[in-house]
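Before any comments, here is the structure.
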Protein chains: 2
Amino acid sequence: MKYTNRRIASLLRQKGFKLTPQRRAVLDIICSSTEHFTPVQIYERARQEHPDVGLVTVYRTLNMLAALGLLCQVHMDGRKRSYVMRRPAEHHHHLVCSQCGTVVDFASCDLGELEEKLSRQTGFEINGHLLEFSGCCQECKQK
Amino acid sequence: MKYTNRRIASLLRQKGFKLTPQRRAVLDIICSSTEHFTPVQIYERARQEHPDVGLVTVYRTLNMLAALGLLCQVHMDGRKRSYVMRRPAEHHHHLVCSQCGTVVDFASCDLGELEEKLSRQTGFEINGHLLEFSGCCQECKQK
DNA sequence: CTTGTAGTTGAAAATGTCTTTCATTTATCA
DNA sequence: TGATAAATGAAAGACATTTTCAACTACAAG
Ligand SMILES: [Zn+2]
Ligand SMILES: [Zn+2]
Ligand SMILES: [Zn+2]
Ligand SMILES: [Zn+2]
């Protein structure tokens, strides 16, 4: 079940945030695709519809959404941030096409056993993990 | 089996790189521990022994080593780079203490099956993965 | 042991990403 | 219809990293 921009809009209102046209523009872009975008890419797209959004506001909106747990970030390749809209609360990970940026979520993550083993072996108290696959999607393969 | 600074030194020579005192200083630091360092941390340590290395050179040396596949990076927490010397060719991943930065390598990574499943389900040609655990190491827990 | 030279260096400037500041504007609600 | 707290854009700031360039040096050929 996917967040829609409408659902998020009402969620924001609930939390006491104002729903400005700029925020709407960012939401529309993020919700419209499974690609991941960098803040600058979102900025550029947002300006097409709404020429006076500032990059600063894009950053602020992204930070707000991230704080609310509504975004995930993609980590592989590069040290820029890139964001994807998040499916609600479920633990999940990403499979990313390194050509076109499409992100597929998957939930099957059997790392519990490995985590326990590592914990036993090292004495670490493990409290999180990062798992990402990268590759080339079907469409990109055909080119 | 761990890379030693001596082994790397001869490897660099083989590849036609000059072995300067600055590069030696960076190598010594990276090879001397399993901690991961940021470029600036390496710079600061290097200056203790060799006061006229520049930060630029540290960056250049790190990039050179990374291009040769001799370094791993740690991805979690933050968007600074941090580097650890890499054990030769073996596939491995990192368990990172988010307090003190200690990195433990582990090789047991059973993602093949999951990878195949994802590949079948999505049509992706998967060519890599990123796996990292983070937590708190034994020593840090006691504080 | 010279000496030539391609590769290397450091300082400073440039780039790129993200955040802070602040005066002005605006969404929301009593 | 205001009142007001929140949000905005421009500009400046903070960092991490890269580029540029003139001076330097490791190293091998003579
Ligand atoms: Zn997981
Ligand atoms: Zn693709
Ligand atoms: Zn490693
Ligand atoms: Zn693996």
Side-chain angles (χ1 to χ4, degrees), chain A residues 5-6 8-30 36-68 71 73-83, chain B residues 5-6 8-29 36-68 71 73-83 101:
Chain A
N5 43 5
R6 188 175 309 177
I8 291 173
S10 84
L11 197 103
L12 290 190
R13 244 191 284 262
Q14 257 178 52
K15 297 269 180 182
F17 292 102
K18 291 183 181 171
L19 196 58
T20 63
Q22 292 92 334
R23 284 178 179 172
R24 239 186 264 272
V26 172
L27 281 180
D28 282 350
I29 289 158
I30 290 179
H36 57 183
F37 300 105
T38 63
V40 170
Q41 287 172 323
I42 292 171
Y43 169 65
E44 283 162 353
R45 295 204 176 200
R47 281 179 84 83
Q48 288 169 15
E49 297 295 309
H50 200 287
D52 49 347
V53 286
L55 181 54
V56 197
T57 296
V58 172
Y59 274 109
R60 280 193 282 234
T61 304
L62 290 173
N63 286 346
M64 180 191 70
L65 293 172
L68 291 174
L71 289 180
Q73 296 183 35
V74 170
H75 296 254
M76 268 173 149
D77 51 71
R79 69 197 52 70
K80 292 186 230 172
R81 293 184 190 171
S82 58
Y83 292 99
Chain B
N5 42 6
R6 188 176 308 177
I8 291 173
S10 84
L11 197 105
L12 290 190
R13 244 191 285 261
Q14 260 178 50
K15 297 271 178 179
F17 293 102
K18 291 183 183 173
L19 195 56
T20 63
Q22 293 92 334
R23 285 178 179 172
R24 235 187 268 271
V26 171
L27 281 181
D28 282 348
I29 290 159
H36 58 182
F37 300 106
T38 63
V40 170
Q41 288 172 322
I42 292 171
Y43 169 65
E44 283 162 355
R45 296 204 175 201
R47 282 180 84 85
Q48 287 168 16
E49 298 295 309
H50 201 289
D52 49 347
V53 286
L55 180 53
V56 198
T57 297
V58 172
Y59 273 107
R60 279 193 282 233
T61 304
L62 289 174
N63 287 345
M64 180 190 70
L65 293 173
L68 291 175
L71 288 181
Q73 295 184 36
V74 171
H75 296 253
M76 268 173 149
D77 51 71
R79 67 197 55 69
K80 290 187 228 171
R81 292 182 190 173
S82 60
Y83 292 96

Listed partners of A:R13 passing side-chain hydrogen bond (donor to acceptor under 3.5 Å, both in side chains), at least two apart: none
Would you mind reading off the distance between B:Y59 atom OH and C:dA11 atom P, rounded to a whole angstrom? 16 Å
Which pairs of donor and acceptor atoms, one on a side chain in residues 15-23 of chain A, lie under 3.5 Å apart (sequence neighbours left out)?
unit_1 : atom_1 : unit_2 : atom_2 : d
A:T20  : OG1    : A:R23  : N      : 3.2
A:R23  : NH1    : A:K18  : O      : 2.8

Spacing of B:Y43 atom OH relative to D:dC15 atom P, expressed in whole Å: 16 Å
Send over the distance from B:N63 CG to D:dT17 C1', rounded to a whole Å. 9 Å
Note: B:P39 and B:L55 closest approach over all heavy atoms is O-CD1, 4.2 Å
Tell me: NZ of B:K15 to P of D:dC27, nearest whole Å? 17 Å
Search all heavy atoms of A:F37 against all heavy atoms of A:I29 and return the closest pair with its distance. CE1-O, 4.0 Å
Report all interatomic pairs (protein N or O, nucleotide N or O of nucleotides 28-30 of chain D) with separations under 3.5 Å.
none

Can you run down the side-chain hydrogen bond (donor to acceptor under 3.5 Å, both in side chains) pairs that involve residues 56-65 of chain A, sequence neighbours left out, and say none if there aren't any? A:N63-A:R81
Does a side-chain heavy-atom distance below 4.5 Å link A:I30 with A:I8? no
Would you kindly give the CG-to-C1' distance between B:L62 and D:dA16, to the nearest whole Å? 13 Å
May I have the distance from B:R24 (atom CZ) to D:dC27 (atom C1'), rounded to whole angstrom? 13 Å
Acceptor/donor pairs from residues 46-54 of chain B side chains to any protein atom, 3.5 angstrom cut, sequence neighbours excluded:
unit_1 : atom_1 : unit_2 : atom_2 : d
B:R47  : NH1    : B:Y43  : OH     : 2.9
B:R47  : NH1    : B:V53  : O      : 2.9
B:R47  : NH2    : B:P51  : O      : 3.2
B:H50  : ND1    : B:D52  : OD1    : 3.0

Output one letter per nucleotide in nucleotides 1-11 of chain D: B when a protein non-hydrogen atom lies under 4.0 Å from the base, S when only the sugar-phosphate is that close, - when neither is. ----BBSBBBB
Atom pair CG/CD1 of A:L62 and A:I42 - distance to nearest 0.5 Å: 4.5 Å
Starting from P on C:dT8, measure out to CG on B:L65 and report it in whole angstrom. 12 Å
